[in-house]
Amino acid sequence: MKRRFHIYFLVFFISLFHVAWSQDLSVTGKVTDKSGNPLESVSVMVKGTSNGTKTDKTGAFKVKAAAGSTLVISYIGMETQLLQVQSNKPVVIQLTEKVTAMEEVVVIGYGTQKKSVVTGAISSVKAKDLEDMPVTRLEDALKGRTAGVTVASSSGQPGSQSTVMIRGITSINNFDPLYVVDGVPVAGGIDYINSSDIESIEVLKDAASAAIYGTKAASGVILITTKKGKAGVLQVNLSSYVGTQSPARKLDLLNATQYATLRNESSIAAGNGILFANPSALGAGTDWQGAIFNNSAQIQNHELSISGGNDKSTYFASFGMYSQDGIVSSSISNYKRFSIRINSAHKINKWLNFGESVAYAHTKSQGGFDPNGYFGGPLSSAVNLDPITPVVITDPSVIAQNPYANHATSILRDDKGNPYGISSIVGQEMTNPLAYAKVQNGNYGWGDKFVGNTYLEIEPVKGLKLKSNIGADLAFWGNESFTPIFFLSTTQSNLTNANFNRGMNKAFNWIWTNTASYTRSIGLHNGSVLVGSEARNNSGFGISGTYIGVPASTFGDASMNFSVPTTNTQAGGYEYQPYNISSLFARLNYDYNGKYLLTAIVRRDGSSHFGSNNVYGNFPSLSLGWIPTKEKFWPVNNVVSYLKIRAGYGVNGNDNLSAFQYVSTVGGVGAYPIGGQITTGNAPLAPANPDLKWERTTQSNIAFDAIIFKDFNLTVDVFKKTTSGMLMQIKVPGYIGAANQPWGNIASMDNNGVEVELGYRKKVGAVNLDLKGNVTYVKNKVTNIGANNYIAYANFQASSYEVSRKVVGQPVNEFYGFKPLGIFQTQADINSYVNKNGGLIQPNAKPGDFKWADVDGDGSITSGDRTYLGDPTPHWMLGFTVSAAYKNFDLKVFAQGVAGNKIFQQLRRLDITTANYQTKALGRWTGPGTSNDFPRLVDGDPNGNFSNPSSFYLEDGAYLRIKTVQLGYNLPKFLLNKAKIQNLRVYISGNNLITFTKYTGYDPEIGGSGGGWLFGIDRGIYPQARSFMAGVNLTF
Amino acid sequence: MKYKPLLYLLLIAGITQFTLSCKKSFLETAPKGQVLETNYYQTADQAYSGLVAAYACLGMEADNFGNNTYTDKLGSLNSAGDECYAGGGGPTDMNFWQVWNTYTLSAAVGPQADFWAIDYAGIYRANLLIEKLNGTITGLSDANKARYIAEAKFLRAYYHFELERLFKNIPLITKPLASSDWYSVTQAKPADVYTQIEKDLNDAITVLPSVILPSEYGRVSKGAAMAELGKVILYQNNTARMTEAAAWFEKVSSSGVYSLLPKYADIFSPANKFNSESVFEISHSAAQNAGWGNWPNFSGNIYVQMTGPRSYSGPIYWSGGWSFNPIIKSFATAMYGDPRYGATVANIDSIVTATNGSYVKGYQNTGYFEQKWAPLAQYVSTTGQQELNFPNDYIEIRLADVYLMEAEALVRGGGSQSTAQSYLDKVRARVGLPSIPATLDNIYNERKLELATEGHRWYDLVRTGKAATVLSFKGFKAGTHEVLPIPINELNNTKLVQNPGYN
């Protein structure tokens, strides 16, 4: 079925763009490089037609063309040449190599610019950098490739978004960059795009370049340009890979004997009895992680594209299919995506262009558990469950007992009909993860996303372009979930009614942009002016319904066609609050002889998120550049053959907050039964803040780009970014009685940093070597939090103690807690830990307990003894790629890492006394001299050894990861030519092969999502997979 | 110039859009499903829904104000007293209850943050309504307006009293706070708080109706306000004012509105909501058909779910209980033989033996469970999530409590001993017990038995000074544990001062 679709697709597009041509002369010739070596597979096209051919391995070609027509001879990496056909006399064409990267064109927002005259900090990733790399998500394509861009996986759950951060945490509010795809700002992730559809990705890092996007550009902008067709012969491209994934690491948890031994010890220490009479009889017990991990989870990706056209119309169409199983409980953790794209551009006549791009993607994902949470889910259960309970119960005498006997119809069973083990030791949300997976089976989330734009461009006078572009991002998503009758444990059960829930949501964003640009050169003065206006609107809604008591026992049988009494149907819904933005903007680019450069931008945005006091925000920027190597005084030399110095300053904004926070609105705040009727109460939702205004980010950037020693490309950027008036919800005192927390312009923060990118390209003998590396250093500091002393962040399990704080002078969300000074080895140690009055600082401590630092010096250990413990945000980020090509072989190694951060690891549930431990606990204190860093175990934990948030939980988060190793082989041309294949490359690739780290959790790569939630806090994160893939890239 | 039409088209588009971009109305949008506060509180319906919002905080068991935790006052108080343990699945399950059970509360760990947030939310909503009702309300009669204000004042007094007796040193808030005042608030003297509470209740009493129609069950009556006022005076422990307290109780007792139910066990049945003994009742309902998605705005009574025996099988109880608040053996023993024992204590061990059932023993299991709040099988909801839809109400003040408080006030204030005796006798006679002398000890003991597990015991122990002795087995320390710590987050950036012993 799928194959048939491919064929229809192909036929459709071929017929759509088929253009007839006339044939006159038969032109023959030969194409060589400048040394006269024949060039193979050079495209030779008759201009204005789709008629053309390619050179063979002797460089020869033969093509039919009308006299007077023009041949377009093009080849990757070479300057394109034009040749007028006069006779059928053989011709010899010499192609010259394109000059270096500096002549590349980069996308700068509402236009393009030659890289040589760019003054902002823009990093660019081109198609060729991506096409050989099997990336599972588009954000990953950016990982480690450009300085200043941090990409951290928020979890290994298939389909989950990565955290992308440009130049540090720009704002507490939200540091997600703005994604703009072909001029359309796209919400909710960019995973709908096939990686082989991408022509280029540009990252606008500094304010001077991002200012053109004003609003929402404070955290940087990622511009994605998709491929357009090129005039020439029809080109078909297929890239595919299949692979297998496995967990890179398991946690070391206690086995049954060790567990029983430690639990006995902990119970006895609390004055209670022995729990397990004979621990060694329990043996190794159950490996819950082994039960849920999949060591051969499948991953595959297939992308097919067709492109071509003539000088009037070009097209690019693609189809993609991606499927990935998760490595944790794969039956409820997987992801599938199907995508289609059609881009085309039409030159109606000399002055009128028209084009459009439309993409559609369907996604389906299963992942019904928190990938970094300790409230249940297979991973959390595997970490916390006791190793004594077996996975499956086979002993009939146990099955005859409760809870198996009295819940015989609602317990879950394996394929052989044996009940899954139910722990009588560890309860609450922790359940047998295999049984849990069965309860969740079939439940899934889906998405249908359309992103498209269409434009009309007129060039009435040479250099003047008027363009109108309408873009839309339409997304539908929802879920299907069935809750059968089940009994997983005494607290996790559904005993009466099976429920079926279905929900769907829709979001629609449109954007209409009109621009006028004029480009003109007078003598050595080159100038370009752009003015534009833009309007945006967001809307959406969601609705969900539940049928309670559906007569079905499996997801497959559940349906809303069953009728249930209306009292057993529940429905809910919501709508987006209206949200509009309107903007005016202008940009001036000027250079003198490509030597002195200037870019000036101003943008004015109005947002409905602000009241009449502050509707509009102005965002100016200015950047300057100078290329001294172009000056006469610069001697011709090989040390610095090219140098560009640039500096910029600009302002960006952020209006990321809920609507109508500048006024007080009244809505439902709870209900009360009156006269037996549930009656809704209405009250103000949050105190109003009429002075709410844009969050402002100003950024200065000084940089240089250089070519040194001929083969090295070096770019160094130094930046200072200041975000002020950060929009966030204020945690107001409870005595105010507000239902929700109001928004305010609260805090300010600095991010200062240096980025260095170094590239080296050289042909060493027969080996083409290409090395690229980048290092970023960013230092974050909170400079103001208004009237607050501090802002607390993320609770430590079941306490009101926060894990981290925002406070002036410290990095954002620095970990905060108690500080152990070691462990009391003897009662004498406790007795000698005295305050200035001679009293014991920890009178209730026992040997084996932590000796807490009396930070505030008040002579006792209180909540005031907490202090700053470490920074969750990496200071150093590093990425490097080594590419080497030898004859038909190519090898790529890509590595990436971070340093300077701490991870707060809280995997074990503290409110479950009986939860399992990591093997670290075997090194606990058991008597004088046994340990000075892992305290004794005692039920109830009276000294707060574990229940106090402390540096005990902090670990070094530095890592260096060999992200990808790939070996490719290009099949020789002489073989391919026979099959009319232009290019065929096969490769094998391994991802996440080795990670160098001291971190003891699953994965040191801990991203946040949704504005920094849980940054650096590991609650049992879904680990990333180690994967091996084999793939093929085919072009014909 | 053949392209002129297109050029014009584009120019028009540009101009239109330019105009649109500059047009303010494009940016001035109206909220959907919410009403600007400035446009609200203008009709009778809107005023009523504002009143309901103030009532809604009465029934909240889970916190909707940033803490996002389930706490519930009754479960917490029962965990703290000598009637029950915290129980549950383990020594840290429902940790806020556990730490009150073991008196290892700290400013960061305990149930206080939820109590604080919910009661102050109620105060804000009452204050706001009182302020808004000063304006013109279309369609609201003067009588109803006066009644709404009276109810709001009752609620403001009630929430303040809850806070006062839990925390002692609290801010007194009598109007919505302007943002300029958010951080300058200080704790009031307890005497000032009490003065305001009494003033509000006195105001309410003059307006509130004596009898509440069935269609209004859940709203407060004159009797409720009078009983509450008597209780507020009683709690101030001022012997000179005991006569005054007794007089308010007497107005309730002799109002003719209330009478003791003949059968003690009937008082707590969901089938007998707002019965003749109920003076002030906090209502719950299964009609919400709540699912977990309703968190934390549940109308059902979740505490009922919490107290059920764990994994019970048998005919009487719901099978999915979570075994919280098992009754302490010594308390069960003290009640054993009392006619009220069976309606108060469920001896699950003997029940499962008799009915050939079973249950799983939870943490701190004693075999004794609460019967007044037991999740009886017949009241398990057939719609919504069963755990979340028990319909049982709480009776905050019932007539027997009023009788006993009046007897206490009379004895302490040197009032009519015979009247005190008659009320103690009535309470005992209802369950077939003979008269005993109306001494303070006997009255307190009667309170213990009559009102067991109804949320009064811990307060009674504290206000009578017995807590340190009676609760020493749980770790109660005199001078600290009479009140809860001020929630740690309330000290951030504010002028509030922590209660002694909790620093």
Side-chain angles (χ1 to χ4, degrees), chain A residues 351 402-403 406 427-428 458 460 466 468 490-491 493 495-496 512 514 533 535 548 567-568 570 575 577-578 580 582 606 608 615 660 663-667 669-675 678-679 681-684 687 732-737 787-789 798-801 862-863 911-913 940, chain B residues 3 7 10 13-14 17-18 20-21 26-27 29 31-32 34-37 40 49 52-53 55-56 59 89-92 95 107-109 113 116-117 120-121 123-125 171 173 177 182 215-218 283 285 287-288 297 299 310-311 313 319-320 322 358 360 383 386 488 490 493-494 503:
Chain A
W351 46 266
N402 288 340
N406 63 347
Q428 285 172 248
I458 296 175
L466 306 175
S468 187
T490 51
T491 54
S493 62
L495 300 175
T496 317
W512 184 18
N514 290 296
S533 65
I548 297 161
T567 49
N568 269 353
Q570 292 179 344
E575 279 170 75
Q577 293 295 351
N580 294 334
S582 77
S608 62
V615 174
F660 302 107
V663 284
S664 172
T665 59
V666 172
V669 290
Y672 194 64
I674 291 180
I678 308 269
T679 313
N682 285 306
V732 293
Y735 54 68
I736 294 167
N788 302 285
N789 296 325
S799 78
S800 300
Y801 282 135
T862 61
S863 61
D911 58 340
I912 304 176
T913 310
Chain B
Y3 51 78
L7 180 58
L10 201 54
Q17 208 240 328
F18 188 85
L20 185 66
S21 304
F26 182 68
L27 298 175
T29 52
K32 288 183 178 178
Q34 297 169 13
V35 184
L36 294 184
E37 189 190 327
Y40 206 74
S49 86
V52 174
Y55 270 109
T92 37
N95 203 31
V109 186
W116 185 277
Y120 273 113
I123 289 171
Y124 164 70
R125 294 173 192 182
I173 312 285
L177 289 173
W182 284 355
S215 64
E216 294 176 342
Y217 277 165
S283 67
S285 168
Q288 190 183 25
N297 288 316
S299 292
R310 190 167 276 248
S311 205
S313 88
S319 57
W322 293 338
S358 67
V360 169
T383 60
Q386 292 82 27
I488 191 167
E490 291 295 299
N493 305 321
T494 69
N503 260 318

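Chain naming here is simple, since letters A, B, ... match the order of the sequence lines and numbering starts at 1 in each. A quick note: this is a predicted structure, and the numbers were derived from the prediction, not measured.
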What residue in [options] has the most heavy-atom pairs under 4.5 Å with chain A?
options	value
B/Ala117, B/Ser215, B/Ala113	B/Ser215
B/Val360, B/Ile123, B/Ile488	B/Ile488
B/Gly59, B/Ser49, B/Ala287, B/Ser313	B/Ser49

Part of A/Ile736 lying under 4.5 Å from any heavy atom of chain B: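 A/Ile736 touches chain B through backbone and side-chain heavy atoms alike.
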Could you tell me whether the side chain of [X] and the main chain of [Y] form a donor-acceptor pair under 3.5 Å?
X	Y	result
A/Gln577	B/Lys32	yes
B/Gln288	A/Ile678	no
B/Ser311	A/Thr490	no
A/Tyr735	B/Trp182	yes
A/Asn580	B/Phe26	yes

Contacts of A/Tyr801 that satisfy side chain to side chain donor-acceptor pair (under 3.5 Å) - sequence neighbours left out: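 With sequence neighbours excluded, A/Tyr801 shows a side chain to side chain donor-acceptor pair (under 3.5 Å) to no residue whatsoever.
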B/Trp116: partners by ring pair (Phe, Tyr, Trp, His ring centres under 6.0 Å), with sequence neighbours left out: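 By the ring pair (Phe, Tyr, Trp, His ring centres under 6.0 Å) rule, B/Trp116 matches B/Tyr120, B/Phe167.
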Counting only heavy atoms closer than 4.5 Å, note whether [X] contacts chain A via side chain, backbone, both or neither.
X	result
B/Pro171	side chain
B/Asn493	both
B/Tyr55	both

Contact leader toward chain B among [options], where contacts are heavy-atom pairs under 4.5 Å:
options	value
A/Val663, A/Thr491, A/Ile912	A/Thr491
A/Pro684, A/Ala671, A/Gly606, A/Ser493	A/Pro684
A/Thr496, A/Asn682, A/Thr567, A/Thr862	A/Asn682

Test item: A/Phe660 and B/Thr29 side chains (from C-beta on) under 4.5 Å apart, heavy atoms: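 Touching, per the 4.5 Å side-chain cut-off.
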